[in-house]
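Here is the structure we will look at, set down as structure tokens.
As the structure is a prediction and not an experimental result, all values here were calculated from the model. We name chains A, B, ... by the order of the sequence lines, and we start the count at 1 in each one.
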There are 2 protein chains.
Amino acid sequence: MPSPFGIIERIFALTKNRWLSDLHWVRAGQQTRSQKTQAALLDAAETLFAEQGVEHTSVAAIARQAGCSVGAVYHHFRDKKAVLYALFTRLTDEIGATTQAAVDPNRWQGATIVDIVHGYLEFLLRTEQGKIAFKHLAMEYARQDDELREHFVALQAELDDGLTRLLLARRAEIAHPEPRIAIGFVLDQLSSMLAARANTSLAPTQLGSRPDKRFEREVLRSVSSYLQLATPAKEDVS
Amino acid sequence: MPSPFGIIERIFALTKNRWLSDLHWVRAGQQTRSQKTQAALLDAAETLFAEQGVEHTSVAAIARQAGCSVGAVYHHFRDKKAVLYALFTRLTDEIGATTQAAVDPNRWQGATIVDIVHGYLEFLLRTEQGKIAFKHLAMEYARQDDELREHFVALQAELDDGLTRLLLARRAEIAHPEPRIAIGFVLDQLSSMLAARANTSLAPTQLGSRPDKRFEREVLRSVSSYLQLATPAKEDVS
DNA sequence: ATTATCTATAGATCTATAGATAATGC
DNA sequence: ATTATCTATAGATCTATAGATAATGC
């Protein structure tokens, strides 16, 4: 009979997320070096996946890049797919936290619609390129995986809902006849353009060659004219 | 010494394209059934690649789906990659031809900017979903392949240039202070939104749930207000 | 004693070829 | 006679495991 301490603990590494099935465990390390190795493996995998794609990255290559052996990989992760899931978690936890902070109404006290849209642009345009490359890859991979797809959709909805609330609270600024619809349209417009611009290799011709500042200016002009923004009615903003 | 007829003809299958290196040949069939098999193989590959991705589709699976053997695949194509290249060609030739027809100035005699944008939307929203799925996959694959990426960028530029010319010819309608910049921005906006909307699995929340007609209406409203379109000056349109 | 790591390798694919067989059309 | 197809398989990966060795920390 094994001692209680001898039992291998298989935990749901990604407890914050809804979408984790039994298959995606990672080992809960009990030594300091365990955590270091695990982090090194995830970093290595993230780099290689983004560079070469998941399929072209062998487990051996991940181990090599992380400076450990193949055996170590399988000590920490059930299989190659579990590595990918763990990376998803790291990414989506980060995005989720950022989103929550970004759409907090207190953060935007007294801000106009233009201020909010501007802040949104500023933030996403300055996000680290490596992260974006991996996010793209992750979303592409999520197409073929129901669990991951739902998770991404939920994340996007969280951001959309938060922004919608912020803008709806300022609907007094909007002269467009259907403010709700107009807000939804603007948010889609923004996320589409930012997604396209983030695609470094195949970005649209014009966007790619235009600096951020000019891009921001035209986006704000477009949003303002479409929503028919009036002078902000400060007293309506909670 | 082999007879002249015995020499295997390795042709550049995709002679219309600039980007073909020696590696991407397909056999020039000399019998009727050869063409049929080749077409069946390409159809099979297109379906499977779009469904499962290139890496998860084995050559054996392509052969099975096409109703022939693995040997037949290699009789027609140098290797698996050549199948993909041939599919690219089929796709890009089609896109190229459509683009040329679409941006022909004669086609748009007397049309306003709104007419042109509307036509562009109508056409792309009605393009077959299967084609779009494969195009997405192809673009994703092109990220890692310089030749293919350049080819796609050139195609996109062709469309952009043609549309820019059409709209610039109607600049009298535009009250935006910088018509050239505004046109570039609008074209990017359109292609970004259409790309996002075409992504069936991960489309933005609002766009995905909104029918085409309403989407078109808001796009036209956005473009009109951003460009500050006036009553079209018909006499300026060539 | 327990946990983490390494080395070596079995087993499962999958690609691409060789060589035999069948169909085509001059 | 030439072209197209099939069957069978060699050779190259790549995943995941087994079993041995090294490090940790109670």
Side-chain angles (χ1 to χ4, degrees), chain A residues 1-11 13 23-42 44-45 48-49 52-85, chain B residues 1-11 13 23-42 44-45 48-49 52-85:
Chain A
M1 182 179 169
S3 88
F5 300 102
I7 296 169
I8 292 176
E9 290 184 25
R10 296 187 170 193
I11 62 154
L23 299 172
H24 314 140
W25 66 273
V26 305
R27 193 179 298 272
Q30 302 185 11
Q31 293 182 6
T32 316
R33 62 176 176 155
S34 181
Q35 293 170 34
K36 279 187 189 167
T37 305
Q38 210 171 98
L41 283 169
L42 288 175
L48 293 175
F49 286 171
Q52 322 170 343
V54 178
E55 314 304 334
H56 285 128
T57 303
S58 70
V59 173
I62 297 170
R64 201 181 317 123
Q65 170 94 4
C68 65
S69 71
V70 172
V73 178
Y74 287 95
H75 176 74
H76 289 280
F77 303 94
R78 166 178 280 230
D79 52 21
K80 190 176 164 184
K81 200 165 189 181
V83 179
L84 184 62
Y85 274 81
Chain B
M1 183 178 167
S3 88
F5 299 102
I7 296 169
I8 292 176
E9 290 185 25
R10 297 189 168 189
I11 63 152
L23 299 171
H24 313 139
W25 66 273
V26 306
R27 191 178 300 271
Q30 302 184 13
Q31 292 181 7
T32 316
R33 61 177 178 156
S34 181
Q35 294 171 32
K36 279 187 188 167
T37 305
Q38 210 171 97
L41 284 169
L42 288 176
L48 294 175
F49 285 171
Q52 323 170 341
V54 178
E55 314 304 333
H56 284 129
T57 303
S58 70
V59 174
I62 297 170
R64 200 181 318 123
Q65 170 95 4
C68 65
S69 71
V70 173
V73 178
Y74 286 97
H75 177 73
H76 289 281
F77 302 95
R78 165 177 280 230
D79 53 21
K80 190 176 162 185
K81 201 166 188 180
V83 179
L84 184 63
Y85 274 80

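Separating the NE2 atom of B/H56 from the C1' atom of D/dC14 is a distance of 13 Å, rounded to the nearest angstrom. Atoms CD (B/E55) and P (D/dC14) sit 12 Å apart, rounded to a whole Å. Here D/dT15 presents its C1' atom at 9 Å from CG of A/D79, a figure rounded to the nearest Å. Rounded to whole angstrom, the span from the NZ atom of A/K36 across to the P atom of D/dA23 amounts to 15 Å. Atom CZ of B/R64 and atom P of D/dC6 are 14 Å apart (whole Å). Look at CD on B/Q35: it is 13 Å from C1' on D/dT3, rounded to the nearest Å. Put simply, CZ on B/R78 is 17 Å from P on C/dT15, counting in whole angstrom units. Per the geometry, CD1 belonging to A/I62 stands 15 Å off P belonging to C/dC6, to the nearest Å.
Listed pair A/H75 / C/dT5 fails the phosphate criterion, with no side-chain N or O lying under 4.0 Å from OP1 or OP2. Within the 4.0 Å cut-off from OP1 or OP2 of C/dT17, not a single side-chain nitrogen or oxygen of B/Y74 is found. Phosphate proximity of D/dC14 to A/T57: absent, as no side-chain N or O sits under 4.0 Å from OP1 or OP2. Phosphate proximity of D/dT5 to B/S69: absent, as no side-chain N or O sits under 4.0 Å from OP1 or OP2. Applying the 4.0 Å criterion to OP1 and OP2 of C/dT5, one finds that A/H76 has a side-chain N or O inside that range. Contact between the side-chain N/O atoms of A/S34 and the OP1/OP2 oxygens of D/dT24 is not found at any separation under 4.0 Å. Taking only side-chain nitrogens and oxygens, B/T37 comes nearer than 4.0 Å to OP1 or OP2 of D/dT5.
The partner of C/dG19, taking Watson-Crick or G-U wobble pairs whose two distances both stay under 3.5 Å, is D/dC6. Base pairing annotation: D/dT24 forms a Watson-Crick or G-U wobble pair with C/dA1, both donor-acceptor distances under 3.5 Å.
When distances are taken from the side chain of A/S58 to each of D/dT15, C/dC6, D/dA4, the shortest belongs to D/dT15. Of the candidates D/dA16, C/dT15, D/dT2, the closest approach to any side-chain atom of B/Q31 belongs to D/dT2.
Rounded to the nearest 0.5 angstrom, B/F77 CZ and B/W25 CH2 are separated by 9.5 Å.
Position along DNA chain C of the nearest nucleotide to A/G67 versus B/G71 favours A/G67 as the more 5'-ward residue. Place B/R33 and B/K80 on DNA chain C by their nearest nucleotides, and B/K80 ends up nearer the 5' end.
Of all heavy-atom pairs spanning A/A45 and A/V83, the tightest one is CB-CG1, 3.6 Å. When all heavy atoms of B/T57 and B/Q52 are compared, the closest pair comes out as OG1-OE1, 3.3 Å. In terms of heavy atoms, B/H56 sits closest to A/E55 at CE1-OE2, 3.2 Å.
By the 4.5 Å heavy-atom criterion applied to side chains, A/L41 and A/I62 are counted as neighbours.
With A/H76 as the fixed residue, the side chain to side chain contact (heavy atoms under 4.5 Å, CB included) test singles out one of A/V26, A/L42, A/T37: A/T37.
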